[in-house]
Amino acid sequence: MQEKKDIYILGIESSCDETSASIVRNGIEEIATVISTQIDIHKDFGGVVPEIASRHHVKNITIVLEECLEKANMTMEQIDAIAITYGPGLIGSLLIGLEAAKTLSFIYNKPLIPVHHIAGHIYANSLVKELTFPLLALVVSGGHTEIIEMKNHYQFNKLGGTLDDAIGECYDKVARVIELEYPGGPKLDKMAMTGKCSYKLPIPLKDDSYNFSFSGLKSAVINLSHNEQQRGRELNKEDLAASFQKVAIESIITKLRKAIIEKKVNNLIVAGGVAANQGLRKELLDMANELNVNLSIPPVKYCTDNAAMIAAAGYYAYLDGRRADLTLNSKSQDELN
Ligand code: KG4
Ligand code: ZN
């Protein structure tokens, strides 16, 4: 019997403030990854400044690519295809990775695989354990809050998503209210561990859909903070963090539980930066135990933006026959399909 040939995918990610390249074998084995993060640069501005992010991607992309090949001890000739995040994300940032991918594809005559950023987050799980179908994917990041049903590789059916702010965006904005440095999500998570749920906040969008809404919760936190100030009362930051985290997580868990029961799936994967949240991880674990569901949450290094997840997704997109040519353009918004 002929042995199956290994497929090496070079993934490139530059949709926000991380410039990253990675080589993954057969969609499951990370060979080498390099990530250059700009967090320290954007911190002073309280969020990512798109123009500055693009400039840093330009500065970093070649270095990151060279370092990645060096770390893997491989040459471009040994790569089978190049997977690139074409969107969604910051358009100027996306373009830098895309141009690099197109250039390499052209020079080395390698197939170019377009990867949706959220497909990347989902396939971060494939780097830990091969995906088992049917499954539900909970995507919780700075730009997305979605429940996606997958009956097979690269078949995405969105059951619901946020109607306004994404959960990560909401975490970052609430973190600003309690004067935490960007990105505030992880700091708020830590702070919540020491607080009590003493502030009453509204549970968002209590309806029968699989959709979410976080802008009302965000406004409620801002109003509460103003009211306390006006009354000359000091805000208990730990308690506010704990109260916010409880309600935000409860909203996600309620909808997810409903989807698991109604869709009768027993595989659940979690993806995106907010999957690093300790409070969310605990609640997901409890729910998975109770409903007897196999739960996969990637380690923190695969939760936030990285190119290994893009290369992993790229492998399955490659098997699915997805290809792009040099006319491929970046998209700041695009549905996952
Ligand atoms: O997936 P990601 O790296 O970028 C996007 O594609 O959006 O997610 C970044 C988001 C940020 O909003 C960050 O504050 C949030 O994930 N985040 C967290 C935690 N770690 C990262 N939010 C809450 N708790 C955390 N531990
Ligand atoms: Zn992301």
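All ligand and atom numbering here is 1-based and tracks the order in the structure.
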ask   = Would you say Gly168 and ligand 1 have an N/O pair spaced under 3.5 Å apart?
value = yes
ask   = Would a distance-only check, ignoring hydrogens and angles, find a side-chain to backbone donor-acceptor pair under 3.5 Å from Asn266 to Val293?
value = no
message = Measuring from atom CD1 of Ile252 to atom CD1 of Ile167, what distance do you get when rounded to the nearest 0.5 angstrom?
response = 4.0 Å
note = Quick look: Gln278 vs ligand 1, heavy-atom contacts under 4.0 Å, and the answer is neither
Within-cut-off N or O pair, Tyr171 and ligand 1, under 3.5 Å = no
message = Under the criterion side chain to side chain donor-acceptor pair (under 3.5 Å), I'd like the reasoning laid out for Tyr199 against Asn236: C-alpha separation, chi angles, the key distance, then a yes or no.
response = CA-CA 9 Å; Tyr199 292 106; Asn236 185 317; 5.8 Å; no
Proximity of Thr304 to ligand 1 by residue part, where a heavy atom lies under 4.0 Å = both
request  = List the closest protein heavy-atom neighbour of atom 23 (C) of ligand 1: residue, atom name, distance to the nearest 0.1 Å.
outcome  = Asn277 ND2, 3.4 Å
inquiry  = I'd like to know if the side chain of Ser20 and the backbone of Asn306 have a donor-acceptor N/O pair within less than 3.5 Å.
reply    = no
remark   = Note: ligand 1 atoms sitting under 4.0 Å from heavy atoms of Gly143 are 7 (O)
query = Between Ser15, Gly142, Ala124, which one has a non-hydrogen atom sitting closest to atom 10 (C) of ligand 1?
reply = Gly142
message = If I take every N, O or S atom of Cys16, is at least one of them less than 2.8 Å from the Zn ion (ligand 2)?
response = no
ask   = Any salt bridge between Lys237 and Glu179, counting N to O under 4.0 Å?
value = yes
From Ile61, Ile96, Asp305, Ile12, residue fulfilling side chain to side chain contact (heavy atoms under 4.5 Å, CB included) relative to Thr19 = Ile61
message = Please state which option from Gly120, Gly89, Pro186 has its nearest heavy atom closest to atom 19 (C) of ligand 1.
response = Pro186
Sub-3.5 Å N/O-N/O distance, Gly273 and ligand 1 = yes
task = Work out whether the distance between some heavy atom of His144 and some atom of ligand 1 is less than 4.0 Å.
result = no
query = What angle, in degrees and rounded to 10°, do you get at the Zn ion (ligand 2) when you join it to OD1 of Asp305 and to NE2 of His121?
reply = 100°
task = Determine whether the aromatic ring centres of Phe244 and Tyr171 lie less than 6.0 Å apart.
result = yes
Cys16 to ligand 1, any heavy atom closer than 4.0 Å = no
request  = Indicate if the distance from the Zn ion (ligand 2) to the nearest N, O or S atom of His117 falls below 2.8 Å.
outcome  = yes
message = Is the terminal nitrogen or CZ of Lys331 (NZ for Lys, CZ for Arg) located under 6.0 angstrom from the six-membered ring centre of Tyr86 and within 45° of that ring's axis?
response = no
inquiry  = Show me which atoms of ligand 1 lie under 4.0 Å from any heavy atom of His117.
reply    = 6 (O)
remark   = With heavy atoms and a 4.0 Å threshold, my read on which part of His121 contacts ligand 1 is side chain
message = A quick test of your reading: do over 12 heavy atoms of other residues, nucleotides or ligands sit less than 6.0 Å from CD of Glu70?
response = no
key: Which segment of Asp189 sits under 4.0 Å of ligand 1 when only heavy atoms are counted   = side chain
ask   = Are Lys218 and Asp165 close enough for a salt bridge, meaning some N to O gap below 4.0 Å?
value = yes
key: Sub-4.0 Å heavy-atom approach of Lys190 to ligand 1   = no
request  = Quick one: do Asp325 and Lys102 satisfy salt bridge (charged side-chain N to carboxylate O under 4.0 Å, His left out)? Show the steps, please.
outcome  = CA-CA 8 Å; Asp325 62 22; Lys102 283 202 226 175; over 6 Å; no
